[in-house]
Student: 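Here's a structure for you.
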Amino acid sequence: MAEVFMRRLTRWQAEQQREAVADTYVEAYPGPRGEEFHDRRQFLERFADDMQRPGFDMMVADGPSLAGCAYGYVLERDGGLWEGFRGALPVDIEELTASGQVFVLAELMVRPSYRRQGIATRLVDQLLVRSRAALVASLVEPGNEAARGAMRAWGWTRFGAVRPSEPQEPLEPPQPQSTYEAWSHPIEHAGSAG
């Protein structure tokens, strides 16, 4: 297998790479046959929104082609991500959100031909190395056993479930909304005891 290099992207570079990132997304998360265009378009819209968020940061794994990427952002203090949280939001999560100390791992993808090489772990580790946040959090889609397995292997904790409000496409019948699992892990900073 070809060697893979980790590289951090600026917002401008992320924008320049958006088509390659979308291609990687479609390959990493194949949906129902014939839905590739719709899935790709939805990803590109979400990616464009996420790039504008405070604290946006992105890492890519480059081989002969884009092998994978991870990106995220600092959660806004209003905690919009937690709208639709089932039950009471844990106090520590609420306090860290209000103080701007939560980094959201919004997306992690690795092309199938590059999996099982530790690339996802390296991407997340490198993404978080410069974060000043105290906690990283992510929402995992229902049935994504690979993501759940990775979270467990990385020592993350499942702390609840969220049913986010998702905008519906105009002129399309309303779609049932999924409940996502909420996972988190403390971010260890260089020089901190642990």
Side-chain angles (χ1 to χ4, degrees), residues 1-53 55-75 81 102-131 133 136-156 158 162 164 166 178-185 187:
M1 186 56 60
E3 193 168 357
V4 173
F5 300 94
M6 299 292 146
R7 183 168 57 100
R8 187 173 304 278
L9 299 185
T10 65
R11 283 180 211 261
W12 182 83
Q13 290 169 324
E15 171 61 30
Q16 299 304 307
Q17 292 286 315
R18 68 188 185 92
E19 295 298 329
V21 172
D23 291 343
T24 302
Y25 177 84
V26 169
E27 191 175 329
Y29 300 112
R33 194 148 181 78
E35 290 292 314
E36 294 88 356
F37 175 78
H38 183 71
D39 292 347
R40 188 176 201 282
R41 190 187 80 219
Q42 283 185 328
F43 169 76
L44 282 169
E45 289 171 3
R46 190 172 64 248
F47 185 52
D49 288 345
D50 289 344
M51 279 192 292
Q52 301 310 310
R53 295 180 187 270
F56 174 83
D57 201 4
M58 182 172 183
M59 290 295 300
V60 295
D62 281 325
S65 63
L66 187 64
C69 75
Y71 72 82
Y73 51 85
V74 175
L75 183 59
L81 184 69
V102 176
F103 184 85
V104 176
L105 175 61
E107 197 66 60
L108 172 62
M109 61 184 98
V110 176
R111 288 183 188 259
S113 60
Y114 287 94
R115 291 184 182 159
R116 304 261 182 240
Q117 298 177 44
I119 293 172
T121 302
R122 288 172 54 201
L123 282 166
V124 172
D125 288 348
Q126 289 299 307
L127 181 66
L128 298 176
V129 77
R130 290 193 329 188
S131 178
V136 59
S138 190
L139 299 183
V140 175
E141 293 179 321
N144 189 338
E145 293 302 324
R148 292 164 99 187
M151 297 288 181
R152 283 188 203 102
W154 295 335
W156 289 45
R158 183 178 182 272
V162 177
E166 298 174 6
S178 297
T179 300
Y180 294 82
E181 294 180 359
W183 291 75
S184 68
H185 190 273
I187 297 176

Student: With sequence neighbours excluded, tell me which residues meet side chain to side chain donor-acceptor pair (under 3.5 Å) with E15.
Tutor: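 Result, side chain to side chain donor-acceptor pair (under 3.5 Å) vs E15: R18.
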Student: May I ask you to decide if D57's main-chain N or O and R8's side chain share a donor-acceptor pair within less than 3.5 Å?
Tutor: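 Between the backbone of D57 and the side chain of R8 there is no qualifying donor-acceptor contact (under 3.5 Å).
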Student: Restricting to side chain to side chain donor-acceptor pair (under 3.5 Å), what partner residues turn up for T121, sequence neighbours left out?
Tutor: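 Side chain to side chain donor-acceptor pair (under 3.5 Å) check on T121 returns W154.
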Student: Specify the closest pair of heavy atoms between F56 and A14, including all atoms of both residues, with the distance to one decimal.
Tutor: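 In terms of heavy atoms, the two residues are closest at CE2-CB, 4.0 Å.
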Student: Provide the full list of side-chain hydrogen bond (donor to acceptor under 3.5 Å, both in side chains) pairs with a residue in residues 139-152, sequence neighbours left out, each pair given once.
Tutor: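 Counting only pairs at least two positions apart or across chains, the side-chain hydrogen bond (donor to acceptor under 3.5 Å, both in side chains) contacts touching residues 139-152 are E145-R148, R148-E181.
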Student: With sequence neighbours left out, what residues match D125 under side chain to side chain donor-acceptor pair (under 3.5 Å)?
Tutor: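 Testing D125 for side chain to side chain donor-acceptor pair (under 3.5 Å), a comparison that skips the adjacent residues, returns none.
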Student: Can you measure from OG (S138) to CZ (F103) and round to the nearest 0.5 angstrom?
Tutor: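 The OG atom of S138 sits 10.0 Å away from the CZ atom of F103.
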Student: Working to the nearest 0.5 angstrom, can you tell me the gap between M6 CE and R122 CZ?
Tutor: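 Interatomic distance, M6 CE to R122 CZ, rounded to 0.5 Å: 3.5 Å.
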Student: Determine whether P112 and E27 make a side-chain contact, defined as any pair of heavy atoms from C-beta on separated by less than 4.5 Å.
Tutor: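 With C-beta onward as the side chain, the pair touches.
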Student: If you round to the nearest 0.5 Å, how far is SG of C69 from CZ of R7?
Tutor: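 These two atoms lie 11.0 Å from each other.
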Student: Measure the shortest side-chain to side-chain distance between V21 and M109 over non-hydrogen atoms and say whether it is less than 4.5 angstrom.
Tutor: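 Yes, their side chains come closer than 4.5 Å.
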Student: Testing the basics here: between H185 and G155, what is the closest heavy-atom pair and its distance to 0.1 Å?
Tutor: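 Shortest heavy-atom separation between H185 and G155 comes out as CD2-O, 3.0 Å.
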Student: Hey, are the side chains of F47 and M58 touching, using non-hydrogen atoms and a 4.5 Å cut-off?
Tutor: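 Side-chain contact under 4.5 Å: yes.
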Student: Would you name the heavy atoms of A70 and L108 that are closest together and state the gap between them?
Tutor: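 Looks like CB-CD1, 3.8 Å.
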Student: Answer yes or no: is there a side-chain heavy-atom contact under 4.5 Å between Q17 and L9?
Tutor: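 Touching, per the 4.5 Å side-chain cut-off.
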Student: G72 and L127: which non-hydrogen atoms are nearest, and at how many Å?
Tutor: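 Result for this residue pair: N-CD2, 4.2 Å.
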Student: Would you mind reporting whether I119 and L123 have side-chain heavy atoms less than 4.5 Å apart?
Tutor: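 Yes, side chains in contact.
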Student: With a 4.5 Å heavy-atom cut-off, do L75 and R53 have their side chains touching?
Tutor: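 SC-SC contact between L75 and R53 ruled out.
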Student: Go through Y29 and D39 one step at a time and tell me if the side-chain contact (heavy atoms from CB on, under 4.5 Å) criterion holds.
Tutor: CA-CA 9 Å; Y29 300 112; D39 292 347; over 6 Å; no
Student: Which heavy-atom pair separates A182 from V162 by the least distance, and what is that distance?
Tutor: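 Shortest heavy-atom separation between A182 and V162 comes out as CB-CG2, 4.3 Å.
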Student: What I'd like to find out is whether the side chain of D23 reaches to under 4.5 Å of the side chain of R111, using heavy atoms alone.
Tutor: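 Answer yes - side chains close enough.
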Student: Whether the side chain of R11 engages the backbone of M51 through a donor-acceptor N/O pair (distance < 3.5 Å, no angle test) should be reported.
Tutor: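 Between the backbone of M51 and the side chain of R11 there is a qualifying donor-acceptor contact (under 3.5 Å).
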Student: Is it the case that the side chains of D50 and Y71 hold a donor-acceptor pair, with the cut-off being a distance below 3.5 Å and no angle test?
Tutor: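 A donor-acceptor contact under 3.5 Å links the two side chains.
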Student: Given M59 and V129, is the side-chain contact (heavy atoms from CB on, under 4.5 Å) satisfied, shown in steps?
Tutor: CA-CA 11 Å; M59 290 295 300; V129 77; over 6 Å; no
Student: For the residue pair G63 and Y114, what are the closest heavy atoms and their distance?
Tutor: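 Heavy atoms only, the tightest pair is CA-OH, 4.3 Å.
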Student: Are W156 and V136 side-chain neighbours, meaning at least one heavy-atom pair lies under 4.5 Å?
Tutor: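 W156 vs V136: side chains touch.
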Student: Mind checking what makes salt bridge (Lys or Arg N to Asp or Glu O under 4.0 Å) contact with D49, not counting sequence neighbours?
Tutor: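 Testing D49 for salt bridge (Lys or Arg N to Asp or Glu O under 4.0 Å), a comparison that skips the adjacent residues, returns none.
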Student: Applying side chain to side chain donor-acceptor pair (under 3.5 Å), name anything that partners Q52, two or more places apart in sequence or on another chain.
Tutor: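 Side chain to side chain donor-acceptor pair (under 3.5 Å) list for Q52, sorted by chain: empty.
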